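As structure tokens, the structure follows; a few thoughts come after it.
Because the structure is predicted, anything quoted here is derived from the model rather than measured. Note that these values count all heavy atoms, side chains included, but never hydrogens, waters or copies made by symmetry.
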Amino acid sequence: MPPAPGFLRHLWLLWGLRLQIGLNRGSGRPSKVLAVATFVASSAPALFFGLLFFGLMRLRPVAESNVWPYFILNLLCFVTAAVWVTWPLLSAGVDDHSELSRYAPFPISPFRLLISSTVASLFEPRALVFYAPLTGAALGYASVNSLRAPGVAVLNYVLFALLCAAWSRVGLHAVINVLREKRSAEIIGGGLFAFLFAASFIPPVDTSWLTAMGEAGVGALDMSLIINAAVALSRVPPGFFGDSLGQLAHGRLRLALLETFGLAVFAVIGLMVAYVLLMRFHRQAGRAGPAMKESGDRNPFARTSTRFRTLVAREALDLWRNPRARLLTSVPFILAILLKLLSGRDLFVYLLGQSADAWLMGGLSVYGAVVISSTFSQNTFAYDGQGFAVFLAAPMDLADVLRAKNLVQGVAGLGLALGVGLFYRLYFGFGTWVDFLCAIASVAAVVPVLLAAGNFLSLYFPVKFHASLKRRDKLPLAASMLGIVAASVGCMPFGWALRLAGKPGPTFQTAAMISLCAALYAVLYRMLLPLALRLLEQRREIVLRAVTRE
């Protein structure tokens, strides 16, 4: 019997399998060329950000400063780690863990597979873009400062990347464990309330320096504030990498090696915690659980007088009971709390003037509507599973099913936007009725576009959703890109209107302009709906096979 392949061989096979899956989305050479071109194009921003920060670190005022290089490096370390760790939640990628179950038949231990999958995730396009600013800044710093041991700097960079990836898995696996709990809604709601309560005791970040700098320029900035910030950022694990570059530049190899040890320890701790959480999830997902008593809730369909109302009630209940929808609903509120905690509004006021509240309220509302509407509308039949087969066998028109789905998903997006707008007004204590109207109108504009695009994407790119969350069938890259384009088109009226309003802030004319675009988008949706309904009748069997396959 041949010996079992080693770790590097396993890693190579895993990457090769990922590449084959990515390239086999279509048939023929053009499809493979398109897949490679899309990967390169989606990674292209990394080159721009890398060169930008490389040049920044080489600017004479920065390069000759004893403070700014360390502040920039440590800040980039913190921001990179924060974005990477929270990205699975913010991007609705809460089921990116699925490789463990997908590759379970392979001759590889679960822990080794977790490490391989984590390392492989560092070479995805989004990872290249996330790490590009810090990579450019680190190379720029090394080009103007002689490092005592460049190999240690490279090792610390690798450990920093592993640290971010490992703790990203911790957050991801913690979330999927919550989603598998029977009372996930109460856990998420209680966690949100606890976060809000705890944040009320934390003093906000002091932003008085923005006012001083705006009036007298950068020269009026108190450098002790920047020094204290740089020191504080260097004392958290992600900041060990930025601080180690400074230590190597000053010839302090022993201190740099201590930070190497710290990065390695926290990376290993992250992997161990992620593995424990993932094993717990798979044990829970594979367990039938105790017998449940019959629910005493009243029949939700007892008062639905028509078939269409029954379908609407069914879709609303399915959406409410979907753990992913519950999670995504909480994200805009978490972002708003973090925004206040970090005094982010003050920065936007400094940059945008009186338009800041309209941008923030509208941005959070649009984000909430986009993640809810796009997540479910762009693969609208996948969440039915075997339920779609029942629809085909029932004496009913499939057009009513699609209309009911569109209605529920659109109302959910608008309802979430309404809640986010009111929360912003009450929590921050800022924002006018004009800002609120602009936010709601912007959501009313983006929802019809997402629904119209989602109908066609659901028919041409149907993908099964695994309710157990143990596996994930990814949408083809073309479908994801088309969804992003649709969301961008829907957000254009909001961006254009507020750019025209400028720093003085929006007026009722601004809200009217966005509302007019929303009405035009609604007309466009109504014009495209009959075509989507005809295609549904033609492609019903194709959709059924896709969303019910195992």
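For residues 63-72, the salt bridge (Lys or Arg N to Asp or Glu O under 4.0 Å) pairs, not counting sequence neighbours, are R60-E64.
A heavy-atom distance below 4.5 Å is found between the side chains of I72 and L56. Between V83 and V79 the shortest side-chain heavy-atom distance falls below 4.5 Å. Side-chain contact between R499 and W359: present, with at least one pair of heavy atoms (C-beta onward) separated by less than 4.5 Å. You'll find the side chain of D357 reaches within 4.5 Å of the side chain of R345, heavy atoms only.
Checking side-chain atoms of W167 against main-chain N and O of F266 turns up a donor-acceptor pair under 3.5 Å. S442 contributes a side-chain N or O that, together with a main-chain N or O of C438, makes up a donor-acceptor pair within less than 3.5 Å. Not one N or O on the side chain of D400 forms a donor-acceptor pair closer than 3.5 Å with the backbone of F308. Looking at Y424, its side chain never comes within 3.5 Å of a backbone N or O of S365 through a donor-acceptor pair. Under the 3.5 Å distance criterion, the side-chain polar atoms of R425 are matched with a main-chain donor or acceptor of G431. No donor-acceptor distance shorter than 3.5 angstrom exists from the side chain of D243 to the backbone of G239, with no hydrogens or angles considered. Between the S168 side chain and the C164 main chain, no donor and acceptor come within less than 3.5 Å of each other. Using modelled atom types, no side-chain atom of T80 and backbone atom of C77 make a donor-acceptor pair closer than 3.5 Å. With Y141 contributing its side chain and L73 its backbone, the two residues share no donor-acceptor pair below 3.5 Å.
Here the CG-CZ distance, from D318 to F376, works out to 10.0 Å after rounding to the nearest 0.5 Å. Note that CG of D346 is 9.5 Å distant from CG of L339, once rounded to the nearest 0.5 Å.
For S458 and N455, the side-chain atoms include no donor-acceptor pair closer than 3.5 Å. A side-chain donor-acceptor contact under 3.5 Å links N406 and Y525.
Of all heavy-atom pairs between A412 and I372, the closest is CB-CG2, 4.1 Å. Nearest heavy atoms, K340 versus F428: CB-CE2, 3.6 Å.
Atom CZ of F54 sits in a crowded spot, with more than 12 heavy atoms from other residues, nucleotides or ligands closer than 6.0 Å.
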